[in-house]
Amino acid sequence: MLPAQARLRRRPEFSAVVRSGRRAGRPTMVLHYLSERPAQPAGDLASPVAARAGFVVGKSVGNSVVRHRVTRRLRAVVRDELGRLPQGSDLVVRARPEAADADSAALRRDLVTGLDRLLGDRAPTR
């Protein structure tokens with residue numbers, strides 16, 4: 001499970017990342033990355049500075065059992081890689097239908113490759 005301060009929760013947060021962020025497509029997922037969050041409202045005193053992640057797993061991936069399984073696997077692989085993201089950045093992981101048949105190793109490989117591309121890392125981390 002991701003800690004509460006590391007999760008995207010509201011639709012405007014997801015929309016901002018998808019509209020304004022960079023994108024990297026992989027066979028099992030599409031990553032949307034926004035390096036800096038938009039300004040927080042003045043009333044929000046507890047604005048987190050940690051990197052955050054959110055997940056979009058639509059009906060095209062499969063029925064609810066399959067979607068929840070894919071979400072759990074994605075959450076686990078993102079949790080391990082979230083430390084690579086700079087503070088104040090957001091990541092949205094949108095699962096493709098191919099993610100339903102992929103194992104955790106394939107999801108991790110696609111995530112690492114996509115993050116390497118988005119963050120500009122030239123040497124693979126693993």
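In this text the structure is predicted, and so the values were computed from the model without any measurement.
Considering only heavy atoms from C-beta on, Val30 comes within 4.5 Å of Arg23 through its side chain. The shortest distance between side-chain heavy atoms of Val78 and Val93 falls below 4.5 Å. Contact of the Met29 side chain with the Leu107 side chain is registered, since non-hydrogen atoms from C-beta on lie closer than 4.5 Å. Leu115 has its side chain out of reach of Tyr33: every pair of non-hydrogen atoms, C-beta onward, lies at least 4.5 Å apart. A 4.5 Å side-chain heavy-atom check between Asp110 and Leu31 finds every atom pair outside the cut-off. Two residues are said to be in side-chain contact when any heavy atoms from C-beta on lie closer than 4.5 Å; Val17 and Leu91 fail this criterion.
Screening residues 93-102 for side chain to side chain donor-acceptor pair (under 3.5 Å) gives no qualifying pairs among residues at least two apart or on separate chains.
Counting all heavy atoms, side chain and backbone alike, Phe14 lies closest to Phe55 at CE2-N, 3.7 Å. Among all heavy-atom pairs drawn from Val61 and Ala95, the shortest one is CG2-O, 3.9 Å.
In this structure Arg22 satisfies the side chain to side chain contact (heavy atoms under 4.5 Å, CB included) test together with Leu118, sequence neighbours excluded. A search for side chain to side chain contact (heavy atoms under 4.5 Å, CB included) contacts involving Pro97 returns Ser60, not counting sequence neighbours. Every residue meeting the side chain to side chain contact (heavy atoms under 4.5 Å, CB included) condition with Arg11, not counting sequence neighbours, appears here in chain and number order: Ser15. Residues passing the side chain to side chain contact (heavy atoms under 4.5 Å, CB included) test with Ala105 are Asp103, sequence neighbours excluded.
Under a cut-off of 6.0 angstrom, the local environment of CZ in Arg7 is crowded, with over 12 non-hydrogen atoms contributed by other residues, nucleotides or ligands.
In this structure, Asp116 pairs ionically with Arg84, as a charged nitrogen and a carboxylate oxygen lie closer than 4.0 Å.
Remark: the backbone N or O of Pro86 is paired with a side-chain donor or acceptor of Ser89 at under 3.5 angstrom.
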Kindly indicate, with the supporting measurements, whether the criterion side chain to side chain contact (heavy atoms under 4.5 Å, CB included) is fulfilled by Glu81 and Arg108.
CA-CA 9 Å; Glu81 298 294 329; Arg108 181 176 310 279; 4.3 Å; yes

For residues 64-76, which side-chain donor-acceptor pairs fall under 3.5 Å, sequence neighbours excluded?
| from | atom 1 | to | atom 2 | distance (Å) |
| --- | --- | --- | --- | --- |
| Arg67 | NH1 | Gly62 | O | 2.9 |
| Thr71 | OG1 | Arg67 | O | 2.8 |
| Arg73 | NH1 | Ala102 | O | 3.0 |

